[in-house]
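Below is one structure, written out as structure tokens, with a few remarks after it.
Since we're looking at a predicted model, the values are computed, not measured. Just so you know, ligand 1 is whichever comes first in the structure, and atom 1 is the first atom listed for that ligand.
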Amino acid sequence: MATLLEGPPLATRIRVEVAEEVRELGGLGLVTLQVGEDPASTIYLRRKHEAAQGAGIQSEDRKLPSEISEDELLGVVAELNSDEAVDGILIQLPLPPHLDEARAIRAINPLKDVDGLHPFNAGLLYLGRPTLVPATPLGIMALLAEHRIPVEGADAVVIGRSDIVGKPIAHLLLQANATVTICHSRTVDLERRTLEADVLVVAVGSPEFVTADMVKQGSVVVDVGINRTEHGVVGDVASEAADVAAFMTPVPGGVGPMTIAMVLRNTVKAARYRRGLLAFPKG
Ligand code: NDP
């Protein structure tokens, strides 16, 4: 039976560290923008704000009407960019179809981009010089490090190539000297790949997509999926995979809490960049 890589103990420790850093910095501000009222997004945001406030961060959950125009949204972002009290800006995705997500993200000052999605920050990650990196991949790497799971030289397989999880975790694993394969919906013979994975990261968004027979004996399985079903929240990996893997993240209680902790850590990092306490690459 796999050892479970539980998120809450490490996430709690990070949140305590962040609270201390927030005190040292004399306060921090985080603003999230939610356009419309997607119920799942509302839950994620509430958790982020509770955690932020618990760490002493002034956080504002700004709700914008679903019919807001692109210019109005960009105007709100510009206002937050120039607000000295705001260290971090997070635009909750997805946006309604009439809004251009890429354009909205590009409008954020890269120094305040706590989701790490701005092309400048994404580009630096690609170049092996990570600055602000998406929180979920950071949380995964922290969880692996916490359990002293060796990544260097490992065959790592990532299923999913989103900008927020799949691509950035692949880059972080690559930087940690894993040999990385990225799989997606057009991958042929997925099982052949997953069975070779010493570290398997699954970010598909499909309940129990990876079954136990797709998992290599003694491997490490990171289940990023959060799927709400009639049986409650389940991951992208069937729980029986824990009979095959050596380590596995539970859902819930694995990667999710780490994501929230890392959003807070990113907010501290963003504040340090903007206040000149950390050097931010000039481009
Ligand atoms: P996306 O929908 O953006 O990406 C899903 C990826 O899965 C795509 O790259 C897609 O491939 C791939 N995929 C879909 N079907 C298949 C298939 N049959 N075989 C192989 N690959 C497939 O999702 P996200 O990355 O945003 O999120 C993934 C999951 O993680 C979701 O459940 C989400 O809720 C969860 N999540 C959890 C977080 C946490 O904190 N725990 C944080 C963020 C997300 P293609 O590109 O070809 O379409």
**OP:** Please indicate, with yes or no, if any protein heavy atom is found under 4.0 Å from atom 47 (O) of ligand 1?
**Re:**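 Within 4.0 Å: yes, protein heavy atom nearby.
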In terms of atom number and element, which parts of ligand 1 are under 4.0 angstrom from non-hydrogen atoms of [X]?
{"X": "Gly160", "value": "6 (C), 7 (O), 9 (O)"}
{"X": "Ile159", "value": "20 (C), 21 (N)"}
{"X": "Val224", "value": "30 (O), 35 (C), 36 (N), 37 (C), 38 (C), 41 (N)"}
{"X": "Thr259", "value": "39 (C), 40 (O)"}
{"X": "Gly205", "value": "28 (C), 29 (C), 31 (C), 32 (O)"}
{"X": "Gly256", "value": "40 (O), 41 (N)"}

**OP:** Return a yes/no value for Ser206: is any of its N or O atoms, backbone included, closer than 3.5 angstrom to an N or O of ligand 1?
**Re:**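 No; the residue has no nitrogen or oxygen that sits under 3.5 Å from a nitrogen or oxygen of the ligand.
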Original post:
Within the structure, does Ile164 bring an N/O atom to less than 3.5 angstrom of an N/O atom in ligand 1?
Top reply: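 Between Ile164 and ligand 1 (N or O atoms, distance only) the closest approach is not under 3.5 Å.
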Checking a contact table here: which protein heavy atom is nearest [atom], and how many Å away?
{"atom": "atom 43 (C) of ligand 1", "answer": "Val165 CG2, 3.8 Å"}
{"atom": "atom 20 (C) of ligand 1", "answer": "His184 O, 3.1 Å"}
{"atom": "atom 34 (O) of ligand 1", "answer": "Ile226 O, 3.5 Å"}
{"atom": "atom 19 (N) of ligand 1", "answer": "Phe209 CZ, 3.3 Å"}
{"atom": "atom 3 (O) of ligand 1", "answer": "Ser162 CB, 3.3 Å"}
{"atom": "atom 8 (C) of ligand 1", "answer": "Arg161 N, 4.0 Å"}
{"atom": "atom 10 (C) of ligand 1", "answer": "Ser185 N, 4.3 Å"}
{"atom": "atom 2 (O) of ligand 1", "answer": "Val204 O, 4.3 Å"}

Original post:
Taking 4.0 angstrom as the limit, do Arg265 and Glu21 come out as a salt bridge?
Top reply: no
Original post:
Is a salt bridge present between Glu20 and Arg15, judged by a nitrogen-to-oxygen distance below 4.0 Å?
Top reply: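 Not counted as a salt bridge, because no side-chain N and carboxylate O are separated by less than 4.0 Å.
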Original post:
Is ligand 1 less than 4.0 angstrom away from at least one heavy atom of Ala203?
Top reply: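 Yes, Ala203 has heavy atoms under 4.0 Å from ligand 1.
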Original post:
If you count the non-hydrogen atoms of other residues, nucleotides and ligands that lie under 6.0 Å from CD in Glu146, is the total more than 12?
Top reply: yes
**OP:** Take atom CZ of Arg228 as the centre, draw a 6.0 Å sphere, and report whether it contains more than 12 heavy atoms from other residues, nucleotides or ligands.
**Re:**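 Yes, the 6.0 Å shell around CZ holds more than 12 heavy atoms from other groups.
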Is the backbone N or O of [Y] less than 3.5 Å from a side-chain atom of [X], with the two atoms forming a donor-acceptor pair by type?
{"X": "Thr229", "Y": "Gly232", "value": "yes"}
{"X": "His98", "Y": "Ile68", "value": "yes"}
{"X": "Glu101", "Y": "Leu95", "value": "yes"}
{"X": "Asp87", "Y": "Thr267", "value": "no"}
{"X": "Asp198", "Y": "Asp155", "value": "yes"}
{"X": "Asn227", "Y": "Val234", "value": "yes"}

Original post:
For the side chain to side chain donor-acceptor pair (under 3.5 Å) test, which of Glu60, His49, Gln92, Lys63 pairs with Thr32?
Top reply: His49
